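Written out below as structure tokens is the structure these notes cover.
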Amino acid sequence: MAEERFDFREVEPRWQKYWEDKKIHEVKRDTSKPKYYALAMFPYPSGKLHMGHVRNYSIVDVIARFRRMQGYNVLHPMGYDSFGMPAENAAIQKGISPAVWTKSNIAEMTEQLKQLGYSYDWSRAVYTYREDYYKWTQWLFLQLYKKGLAYKKTAPVNWCPSCETVLANEQVVDGKCWRCDSVVTKNNLSQWFFKITQYADELLADLKLLEKGWPDRVRTMQENWIARSEGAMVDFAIAGFDEKLTVFTTRPDTIYGVTFMVVAPEHGIVERLINAGLITPEKAAQVRTFQEKTKSLNEIARTSTDTEKEGLALGVSVINPFNGQQVPLWIANYVLMEYGTGAVMGVPAHDQRDFEFAKKFGMDIRVVIQNPAEPINEAEMTEACPAAGVMVNSGPFDGLGNEEGIGKVAAYAEEKGFGKKTVTYRLRDWLISRQRAWGAPIPVVYCEKCGTVPVPDDQLPVRIPADLDFTGHGTSPLARHEGFVNATCPSCGGPARRETDTMDTFVCSSWYFMRYCDANNANAPWSQEDVNYWMPVDQYVGGIEHAVLHLLYSRFFTKALRDMGHVAVDEPFAALLTQGMVIKDGSKMSKSKGNVVSPEDMIVRYGADSCRLFILFASPPERDLDWSDAGIEGSYRFINRFYRMVTSALPEIQHARTLLPVKAGNMAGLMGAITEGELAEGLQRALPNLAPEDKELRRVIHRTVKRITSDLHDRFAFNTAISGLMEMTNAVYAYRDKMGNRDWTISTLVLAEAIQKAVLIIAPFCPHLADEMWTKLGHHQSIHLEPWPAYDEDVARAEMVEIVVQINGKVRERLDVPAGVTAAEMEQIALAADKVRDLIAGKQVVKVIPVPGKLVNIVVK
RNA sequence: GCCCGAGUGGCGGAAUGGCAGACGCACGAGACUUAAAAUCUUGCGGUCUUAAACGGCCGUGCCGGUUCGAGUCCGGCCUCGGGCACCA
């Protein structure tokens with residue numbers, strides 16, 4: 001065969017320019033076709049693309065191109081999630097303005113995305129840092145505010161006392177500031193929240209709608225993140241103090257087993273008890289020290305069962321309303337203010353954490369749930385017993401099954417007025433305030449007379465000033481910018497101060513998929529017609545690391561906006577594919593490890609098509625992918641092998657053209673182009689004259705088309721789809737080896753069919769190669785506008801199949817049988833085979849299990 | 001720690017309860033070539049018997065279970081990875 005190579009350096013840029021000039025990936029609403037919205041999680045413009053991006057975008061590009069060929073009107077957009085910390089860090093470290101840094105990174109990454117040949121509709125690109133985008137982020141904030149879904153409350157932030165600045169969790173390393181190594185503490189600030197908990201029930205219930213399209217594990221993670229739990233709130237009186245302490249418990253059935261009470265160190269009651277003098281001054285000093293110590297622990301450390309439990313008795317008692325018993329009140333590091341009411345009842349007999357706490361501090365253990373068959377004894381317990389059983393030592397509830405008891409106890413409390421049945425969630429409201437300058441400013445002003453006043457729509461956007469001073473110390477640059485802070489109250493016209501916090505970048509990324517539907521709308525975030533035509537996203541693809549936060553926030557946003565009438569869908573992402581990471585030599589690519597593979601280098605050396613092909617071939621999409629330099633070499637070789645397969649067959653295909661009448665409408669017919677219809681008809685006529693080799697090749701071709709169609713449509717198995725393409729290529733080579741002395745007339749037709757279908761199938765994976773080959777086959781229109789090839793079930797079906805005969809589960813014989821044999825026939829054939837008869841001679845056949853078309857298992861004794 | 005995953009040849013992986021190792025990489029052999037590269041053909045889990053496997057046995061992280069049959073389902077571990085609310 002000819003020793004030619006695919007000249008990707010010349011071909012790839014040429015086709016990229018062609019697609020861009022012809023705008024073939026720009027889409028409009030079109031009700032004559034079914035729509036398909038294919039979406040990749042948009043990148044943060046950190047500088048250059050990394051292999052994780054290439055993997056993500058190659059997956060979505062294959063899906064988009066495949067669906068286009070299948071006749072869908074495909075929306076495939078791209079943009080940049082371009083607010084965030086790295087731009088501010090660049091400003092602090094290099095003195096470049098965040099906007100300039102961001103813009104130049106975007107330019108570089110866009111260039112690389114274009115070099116990879118992704119079929120984006122660039123006319124719809126969104127950039128969250130631009131005014132025309134964040135204007136609408138602010139508008140949406142105000143919509144939520146007006147609906148009562150945005151509110152302010154006090155919440156702690158990480159605080160570096162030396163830099164006098166707020167730190168992100170990422171900037172706290174082992175409890176210390178990443179820049180100056182000072183011990184980080186907590187500061188309370190008044191901050192904005194979104195009321196996502198109002199949607200907790202629906203976010204949980206609607207996971208059912210995603211059963212088909214989302215991975216089980218992501219739904220499970222969200223379910224556990226929201227974590228609905230049913231239980232009861234119970235009010236405990238405080239001895240000598242006129243305030244009730246409300247606790248939440250999922251086990252009201254154990255309420256008679258309470259031997260102590262614990263609140264979070266930051267619980268408000270502690271302060272009030274100190275102020276009321278119920279906690280002695282010496283004790284109060286200890287409390288302060290304890291609170292300071294807890295502040296330096298993060299949540300993971302506090303809730304870890306490995307962490308030593310620390311506690312401090314306050315010298316105050318609370319009264320169990322069920323039995324009037326007084327139990328001591330404690331503070332402890334393992335109780336969080338964020339969950340439930342920040343107060344938990346201590347039932348050491350039936351809760352492991354309480355058990356450990358009671359053991360450490362010498363508190364009573366009282367069993368109130370017994371297993372009558374194997375009674376437990378307080379003195380001998382080595383761990384808590386959370387199991388079900390019968391209620392004992394529980395006053396009027398004795399003898400009740402504990403599960404029944406849960407409801408009865410709660411109902412009793414409700415009746416008596418000291419408690420009620422409650423549902424709580426682990427999910428907390430979404431804190432969106434960030435003390436940073438490179439984000440969408442929260443569009444609110446504070447007026448001495450009018451209070452908190454939203455900025456009117458016609459004054460949006462609240463702009464980030466261009467002349468900010470980034471130091472990395474002290475308050476946010478926005479808060480230090482006089483021109484920004486000083487404002488006029490929109491309500492009374494008097495002097496006012498602007499809110500200086502910006503929004504969490506997750507707010508920007510909670511609605512970008514709706515902006516893509518109508519990205520250039522200057523009057524609204526989107527039009528109803530567009531958003532309701534394109535939404536929901538049919539296939540969303542991104543990293544598993546977003547399983548909870550981004551995906552949950554976006555679901556919340558969609559539901560809240562639906563309730564305000566801005567969009568008509570319940571869920572934003574009908575289907576989700578979570579792709580694994582790209583690693584090298586067993587660990588994450590990182591500069592410090594020096595194992596970073598640059599997409600740029602790979603494109604220069606092997607071309608975009610090889611790069612795309614390898615990254616899709618090396619691993620199934622959900623799994624982590626180990627990058628291999630030798631592997632991409634293999635993909636590069638395959639592309640050349642494919643190229644030679646097509647180019648060397650061109651004379652035969654020209655010949656095939658002369659055998660077939662050109663049908664009306666085939667404009668490229670004179671150039672040698674054959675339509676799929678012409679080929680199918682020609683082969684239909686040639687059918688009686690086909691040799692076994694012809695039939696075999698046709699079988700491979702049609703079976704492969706079928707398999708790849710299903711791999712792409714049903715299960716996103718790009719790796720096996722590509723291996724199918726390789727097998728098909730191998731089959732064509734084997735066929736051509738035998739072609740020399742065969743009937744030239746028929747074999748050229750079969751070959752033409754094989755080549756043409758192969759080129760169509762490879763189009764979503766290697767779009768440049770495919771378009772180039774399509775042109776060489778005489779076609780005049782881009783292959784990406786052609787329909788996906790058809791396959792014929794009858795041609796794909798094998799005449800004979802090999803079945804396996806097992807004896808007691810071990811393979812003992814292989815037999816060729818006609819394809820459609822029944823189970824009964826298979827059983828007969830298997831038992832009649834010589835080798836089988838020898839092996840079962842003298843033994844008793846207990847059972848025969850025939851599996852049609854696959855195997856027969858004979859069980860003998 | 002808690003929640004969620006993953007583990008198969010020298011390597012990446014394939015196998016929807018039914019032949020473990022498709023396809024590719026690496027490596028070996030052969031063809032072509034003055035030579036090399038490229039290309040084409042071919043072999044390739046371990047082990048035992050054997051002149052030779054078209055033979056036997058073992059083998060999908062470990063231990064146990066369900067089943068005629070388990071890489072696949074169930075229970076218990078081990079190791080690695082993702083998330084844990086201010087990285088995005």
Side-chain angles (χ1 to χ4, degrees), chain A residues 1-3 5 41-44 46 81 83-86 157-158 166-172 215-225 227 298-307 338 426-436 504-506 509 543-550 552-553 578 580-581 583 586-588 614 617-620 622-635 637-638 640-641 644 714-715 717 719-720 722-727 730 733 737 802-811 814 846-849 851 853-860:
Chain A
M1 294 202 188
E3 285 182 30
R5 282 182 179 231
M41 291 180 184
F42 65 166
Y44 177 79
S46 51
D81 187 12
F83 272 139
M85 282 203 310
V157 292
N158 297 314
V166 174
L167 298 178
N169 286 343
E170 194 191 44
Q171 300 170 317
V172 181
D216 289 347
R217 66 158 151 163
V218 176
R219 284 186 297 112
T220 308
M221 279 190 252
Q222 293 213 352
E223 206 174 299
N224 293 339
W225 184 263
N298 66 29
E299 233 170 80
I300 295 171
R302 278 179 68 173
T303 52
S304 167
T305 45
D306 264 3
T307 306
E338 283 80 12
R426 203 187 71 106
L427 177 72
R428 308 198 291 253
D429 277 339
W430 174 12
L431 196 172
I432 61 150
S433 291
R434 296 293 179 268
Q435 296 69 41
R436 298 182 194 288
D504 179 4
T505 55
F506 276 125
S509 59
I544 184 68
E545 68 272 19
H546 296 289
V548 176
L549 296 178
H550 162 63
L552 195 62
Y553 293 148
T578 50
M581 285 192 314
I583 57 180
S587 61
K588 205 168 173 170
F614 174 67
F617 177 61
S619 180
E622 293 88 353
R623 261 214 255 178
D624 284 352
L625 181 155
D626 205 335
W627 182 268
S628 141
D629 292 337
I632 189 170
E633 194 97 32
S635 293
R637 277 207 295 268
F638 170 71
N640 283 309
R641 186 170 155 86
R644 283 189 301 272
D714 308 326
R715 46 177 225 148
N719 54 333
T720 56
I722 292 165
S723 73
L725 263 165
M726 290 171 171
E727 285 175 61
N730 292 343
Y733 272 81
D737 265 3
E802 190 187 71
I803 63 156
V804 162
V805 183
Q806 296 183 332
I807 295 172
N808 288 346
K810 293 215 183 271
V811 179
R814 289 152 200 279
V846 181
K847 204 174 184 181
V848 180
I849 299 121
V851 182
K854 283 193 178 142
L855 60 69
V856 177
N857 188 12
I858 302 165
V859 185
V860 297

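None of the values given here were measured: they were computed from a predicted structure. Chain letters run A, B, ... following the sequence lines, proteins first and then strands; every chain starts at 1.
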Does the [X] side chain pair with the main chain of [Y], one donor and one acceptor, at a distance under 3.5 Å?
X         : Y         : value
Asp624(A) : Gly580(A) : no
Asn158(A) : Val172(A) : no
Asn719(A) : Ala618(A) : no

OP1 or OP2 of [N] sitting under 4.0 Å from any side-chain N/O of [X]?
X         : N      : value
Arg623(A) : G7(B)  : yes
Asn719(A) : G12(B) : no
Ser619(A) : G13(B) : yes
Arg641(A) : C23(B) : no

Worksheet entry | For RNA chain B, stems built from three or more consecutive Watson-Crick or G-U wobble pairs below 3.5 Å |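 Stems for RNA chain B, defined as runs of 3 or more consecutive pairs: B:1-7 with B:78-84, B:10-12 with B:23-25, B:27-31 with B:39-43, B:45-48 with B:55-58, B:61-65 with B:73-77.
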Could you work out the separation of [N] and [M] based on their [atom1] atoms and round it to a whole Å?
N      : M      : atom1 : value
A38(B) : U49(B) : C1'   : 43 Å
U60(B) : G9(B)  : C1'   : 10 Å
G59(B) : A52(B) : C1'   : 24 Å
C48(B) : C40(B) : C1'   : 37 Å
C87(B) : U79(B) : C1'   : 27 Å
U50(B) : G55(B) : C1'   : 9 Å
G10(B) : G21(B) : C1'   : 14 Å

Practice prompt. Over all heavy atoms of both residues, which pair between Asn857(A) and Gly809(A) is shortest? Give the atoms and the distance, please.
Written response: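 So the minimum-distance heavy-atom pair works out to OD1-N, 3.1 Å.
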Each nucleotide in [range] should get exactly one letter: B, S or -. Can you fill that in based on protein heavy atoms under 4.0 Å?
range                        : answer
nucleotides 43-48 of chain B : ------
nucleotides 15-21 of chain B : S--BB--
nucleotides 83-88 of chain B : SBBBSB

Can you measure [X] atom [atom1] to [N] atom [atom2] for me and round it to whole angstrom units?
X         : N      : atom1 : atom2 : answer
Asn808(A) : G56(B) : CG    : P     : 15 Å
Glu633(A) : A38(B) : CD    : C1'   : 11 Å
Arg219(A) : G5(B)  : CZ    : P     : 11 Å
Arg217(A) : G82(B) : CZ    : P     : 12 Å
Asp629(A) : A26(B) : CG    : C1'   : 14 Å
Trp627(A) : A26(B) : CH2   : P     : 15 Å
Asp216(A) : C3(B)  : CG    : P     : 18 Å
Met726(A) : G13(B) : CE    : C1'   : 12 Å

With heavy-atom distances below 4.5 Å as the criterion, would you say the side chains of [X] and [Y] are in contact?
X         : Y         : answer
Arg219(A) : Asp216(A) : yes
Leu431(A) : Asp429(A) : no
Val856(A) : Ile849(A) : no
Phe617(A) : Phe638(A) : no
Val859(A) : Val848(A) : no
Leu855(A) : Val805(A) : no
Glu170(A) : Met85(A)  : yes
Met581(A) : Asp626(A) : no

Would you tabulate the nitrogen or oxygen pairs shorter than 3.5 Å linking the protein to nucleotides 53-55 of chain B?
none

Worksheet item: Does the side chain of Thr720(A) come under 3.5 Å of the side chain of Arg715(A) through a donor N or O and an acceptor N or O?
Response: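 Distance-only check passes for Thr720(A) and Arg715(A).
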Pick base, sugar-phosphate or nothing for [X], based on heavy-atom distances below 4.0 Å to the nucleic acid.
X         : value
Ala547(A) : nothing
Phe617(A) : base
Asn730(A) : sugar-phosphate

Are there any protein N/O atoms within less than 3.5 Å of an N/O atom in nucleotides 74-80 of chain B, and if so, which ones and at what distance?
none

Item to complete: Take the angle between the ring planes of His550(A) and Phe506(A) and call it parallel below 30°, perpendicular above 60°, tilted in between.
Response: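 Ring orientation of His550(A) relative to Phe506(A): parallel.
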Worksheet item: Do Arg641(A) and Tyr733(A) meet the cation-pi criteria used here (NZ or CZ under 6.0 Å from the six-membered ring centre, within 45° of the axis)?
Response: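 Flagged: Arg641(A) positioned over aromatic ring of Tyr733(A).
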Worksheet item: For Glu727(A) and Asp624(A), take the nucleotide of RNA chain B holding the closest heavy atom to each; which residue's nucleotide lies nearer the 5' end?
Response: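 Its nearest nucleotide being more 5', the pick is Asp624(A).
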